[in-house]
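One structure below.
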Amino acid sequence: MKTDRDNFFDLVYQVVRLVPRGRVTTYGAIANYLGAKGSARVVGYAMNAAHILPDVPAHRVVNRQGLLTGKHHFRTSNEMADRLKEEGITVKEDCVQDFATFFWDPALHLDF
DNA sequence: TGTTTGACCGGTC
DNA sequence: CGACCGGCCAAAC
């Protein structure tokens, strides 16, 4: 049974909130963790409304290439990369360097 | 109620 | 290596 708080959106937000500082995750990983395997687009769509929420570090969510696809949705285009750099993540040309190293998979660290 | 779109992913050409 | 296509699911129109 679905309640207002069990929306897919909220689940996405909660997972993103659990991403540790200095780590990044991908839309696909979140989708997979939520059981919506292959529905990374929905996660991206959910992130579109994430900016209205205070504690959702959307800058830690990138696509599988480590590319900051969502930078354009921030207040400033450089805010996303700047924040990641500030957390110790190397970002170059809007791409997360050593992405595999900083990658944080919720399915590997969380448990339903 | 049906169509369109979207901060994606994977495989193919 | 770059471009193209299909699929996946939910919200907005």
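The structure presented is a predicted model; accordingly, all values stated were derived computationally and were not measured. We name chains A, B, ... by the order of the sequence lines, and we start the count at 1 in each one.
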Report task. List the steps and the verdict of side chain to side chain contact (heavy atoms under 4.5 Å, CB included) for A:L68 and A:H59. Result -> CA-CA 8 Å; A:L68 308 187; A:H59 60 278; over 6 Å; no
Query raised in the report: What are the bounds, 5' to 3', of the part of DNA chain B that sits under 4.0 Å from heavy atoms of chain A?
Result: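 In short, chain A contacts DNA chain B from B:dG6 to B:dG10.
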Query raised in the report: What would the secondary structure line of DNA chain B be in dot-bracket form, counting Watson-Crick and G-U wobble pairs under 3.5 Å, with [ ] for pairs that cross earlier ones and | for pairs with another strand?
Result: .|||||.||||||
Report task. Among residues two or more places apart or on two chains, list those pairs meeting side chain to side chain donor-acceptor pair (under 3.5 Å) that have a residue in residues 36-49 of chain A. Result ->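 Residue pairs with at least one partner in residues 36-49 of chain A: there are none.
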Query raised in the report: Reading nucleotides 3-9 of chain C from the 5' end, what letters show protein touch, with B for base, S for backbone sugar-phosphate only, - for no heavy atom under 4.0 Å?
Result: ----BBB
Query raised in the report: What residues in residues 49-72 of chain A put a non-hydrogen atom under 4.0 Å from any atom of DNA chain C?
Result: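 Listed by number, there are none.
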Report yes or no: does [X] contribute a side-chain atom to a donor-acceptor pair with the main-chain N or O of [Y] at less than 3.5 Å?
X: A:N63; Y: A:L67; answer: yes
X: A:R60; Y: A:V19; answer: yes
X: A:T25; Y: A:V61; answer: no

Query raised in the report: Which residues pass the side-chain contact (heavy atoms from CB on, under 4.5 Å) test with A:T90, sequence neighbours left out?
Result: A:Q97
Query raised in the report: Yes or no on side chain to side chain contact (heavy atoms under 4.5 Å, CB included) for A:T69 and A:Y27, after CA distance, side-chain angles and deciding distance?
Result: CA-CA 11 Å; A:T69 53; A:Y27 304 96; 3.4 Å; yes
Query raised in the report: Can you check side chain to side chain contact (heavy atoms under 4.5 Å, CB included) on A:W104 and A:L18, steps first, answer last?
Result: CA-CA 10 Å; A:W104 181 86; A:L18 293 174; 4.2 Å; yes
